[in-house]
Amino acid sequence: MATTPTTLFILGASGDLTSRLLLPSLAALLARQPQRRVVLRGSGTEEQDHEAWKKLVGVAFSDFPGTIDRVTIGDYTSADVTDRDAVAALVDTLEPGTVLYFALPPAVTRAAIAAMQGMTLPEGTVLAMEKPFGDDEKTARELNEMLTALVPERQIFRVDHFLGRSMLLNLMGVRLANRIWEPVWSAEHIESVLIRFDESIALEGRARYYDKAGAMIDMIQSHLLQVLALVAMDPPASIDERDLRDAKASILRATHVLGDDPAQSSRRARYTAGRIDDRDLPSYADEDGVDAARDTETLAEVVFEVANDRWAGVPFVLRSGKALAAKKSEVVVTFRPVRHVPKGLAGSPVDGGRLTFSLGPDEMRLKLHVTGGDDPFALRDEELCADLGEGQRRSYEEVIDELLDGEVALSVRADEAEECWRIIQPVRDAWASGAAPVEDYPAGSTGPEDWATS
Ligand code: NDP
């Protein structure tokens, strides 16, 4: 960890992401790392004097007393970053090694990067890009081309806060440092993989973004395909920025929607009025800021295949949704049944055991078929459970930690970002053509009744 101050310059410093996630996470990081020093700069379109900017930072740091003393609160620039002259003036003030965080609406980010073209950024400038990264493969590629014209790929950080560093490392540690898995980690022994991110929260005021994205783009296209890549990749020689990302990219290139008909391999649904805990929730279609005619899904499930020798034929089911009965974020690897259960052991297991990684709080569960109940000859299921560590760090705390240290290995590389759009395009096309109609589920339920993953 660097002890010399790093400058974090947030474009969009008056926005929701900054006040709710970036600044509190920076404070949490400083509480954990007393040696770290940061110079904080910000900008937005609205005028904001230095006192107002200091107050904004102070409020966001209030849960971590003392940490504010380790931040030098630099200037707040009022500028329209889509304007080339304004951007040039701003670039002129950058110190070498500044982390420039684009906490801006996606269209503004794109316009700002376009406005920067042809400018020389100081040595070591890191560009941190928020999601969504483009709208499709073409726009992601255009954005990548503009970014790499400004700085080398190793200085571009495509933030995936969902994939917190400790979760990723846990997943890799369990999978790659235990000899028991690799011999069975293939279509020969694995029947299916489910990667699920169910939330019990609903829109939380984010209709403006979510109604245009929907569950598939919000979660499956971005985060869950990254998890798929980690689960399916060949063991890399190292987890440095090149080896790890080569291994993931190779899997993403081999990934496509399972079968010939994307409408058959995907389904979508949205919540109707219901109750979660003690809260009544209106139908998604009646939520503020939602355009019901858009048919945006709040629950999506898509089945993919990784078409290579290790995985061909194994369904990778990726599912995510909102306003569901319970939060459930996990990778479930189901093994094929054993070829023969010895006669005399009662009960026929339907699978050959199951390995579940929870995607935070981090834990691992291994479901085994065992005997030892009331009837000593009868098989029953038992789970071995392991706590994989703290799991308490805020996801943006880990992002900021990596950013300030210039560690890009766990962020998404340009080609991966493009592949993830390419992979889901057939489903988008099928849905746009009216195939796979939107189903319903009551808020607070586990999803439509006949969905096997519910
Ligand atoms: P907000 O709309 O709350 O904030 C946008 C910020 O951008 C404001 O500070 C605004 O400044 C600034 N801004 C807008 N237009 C310009 C411009 N032309 N020039 C300079 N600054 C401008 O957005 P969010 O904070 O919610 O989101 C920011 C990014 O983070 C988005 O890409 C979003 O997808 C992503 N994200 C957000 C999450 C969240 O929970 N909010 C979670 C994950 C990702 P001013 O107010 O002064 O105009």
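In this text the structure is predicted, and so the values were computed from the model without any measurement. Atoms within a ligand are numbered from 1 in the order they appear, just like the ligands themselves. Starting from 1, each residue takes its place in the sequence as its number.
- Ligand 1 is approached by Tyr396 to a heavy-atom distance shorter than 4.0 Å.
- Ligand-side atoms of ligand 1 in range of Ala79: 19 (N), 20 (C), range being under 4.0 angstrom from any heavy atom.
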Practice prompt. Apply side-chain contact (heavy atoms from CB on, under 4.5 Å) to the pair Gln33 and Leu404, showing each step before the final yes or no.
Written response: CA-CA 12 Å; Gln33 299 177 348; Leu404 296 179; over 6 Å; no
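- The ring of Tyr271 has its center closer than 6.0 angstrom to the ring center of Tyr284.
- Each of the atoms 9 (O) of ligand 1 lies under 4.0 Å from some heavy atom of Ala13.
- Each of Glu130, Glu402, Glu153 was scored for a salt bridge (Lys or Arg N to Asp or Glu O under 4.0 Å) with Arg158, with one residue passing: Glu153.
- With ligand atoms numbered from 1 in the order given, ligand 1 contributes 11 (O), 16 (C), 17 (C), 18 (N), 19 (N), 20 (C), 21 (N), 22 (C), 45 (P), 47 (O), 48 (O) to contacts under 4.0 Å with heavy atoms of Thr45.
- Between Glu137 and Arg422 there is no salt bridge, since no side-chain nitrogen of the basic residue lies less than 4.0 Å from a carboxylate oxygen of the acidic one.
- Look at Lys138 and Asp136 and you find no salt bridge, because none of the NZ, NE, NH1 or NH2 atoms lies under 4.0 Å from a carboxylate O.
- Interface atoms of ligand 1 facing Val108, defined by a heavy-atom separation under 4.0 Å, are 15 (N), 16 (C), 17 (C), 18 (N).
- Every N/O-N/O distance between Tyr209 and ligand 1 stays at or above 3.5 Å.
- Of all atoms in ligand 1, numbered sequentially from 1 with element shown, those under 4.0 Å from a heavy atom of Arg20 are 39 (C), 40 (O), 41 (N).
- Under a 4.0 angstrom heavy-atom cut-off, Arg206 registers as being in contact with ligand 1.
- For Arg208, the closest heavy-atom approach to ligand 1 falls below 4.0 Å.
- The Pro132 neighbourhood of ligand 1 comprises atoms 34 (O), with distances under 4.0 Å to a heavy atom of that residue.
- Residue Ser43 has no nitrogen or oxygen atom sitting less than 3.5 Å from a nitrogen or oxygen atom of ligand 1, judged on distance alone.
- Between Thr98 and the options Thr6, Val126, Thr7, a side-chain contact (heavy atoms from CB on, under 4.5 Å) holds for only Thr7.
- Listed by number with element, the atoms of ligand 1 under 4.0 Å from a non-hydrogen atom of Asp80 are 17 (C), 18 (N), 19 (N).
- A salt bridge does not link Arg268 with Asp295: none of the charged nitrogens is closer than 4.0 Å to a carboxylate oxygen.
- The aromatic rings of Tyr396 and His161 sit parallel, their planes meeting at an angle under 30°, below the 60° perpendicular limit.
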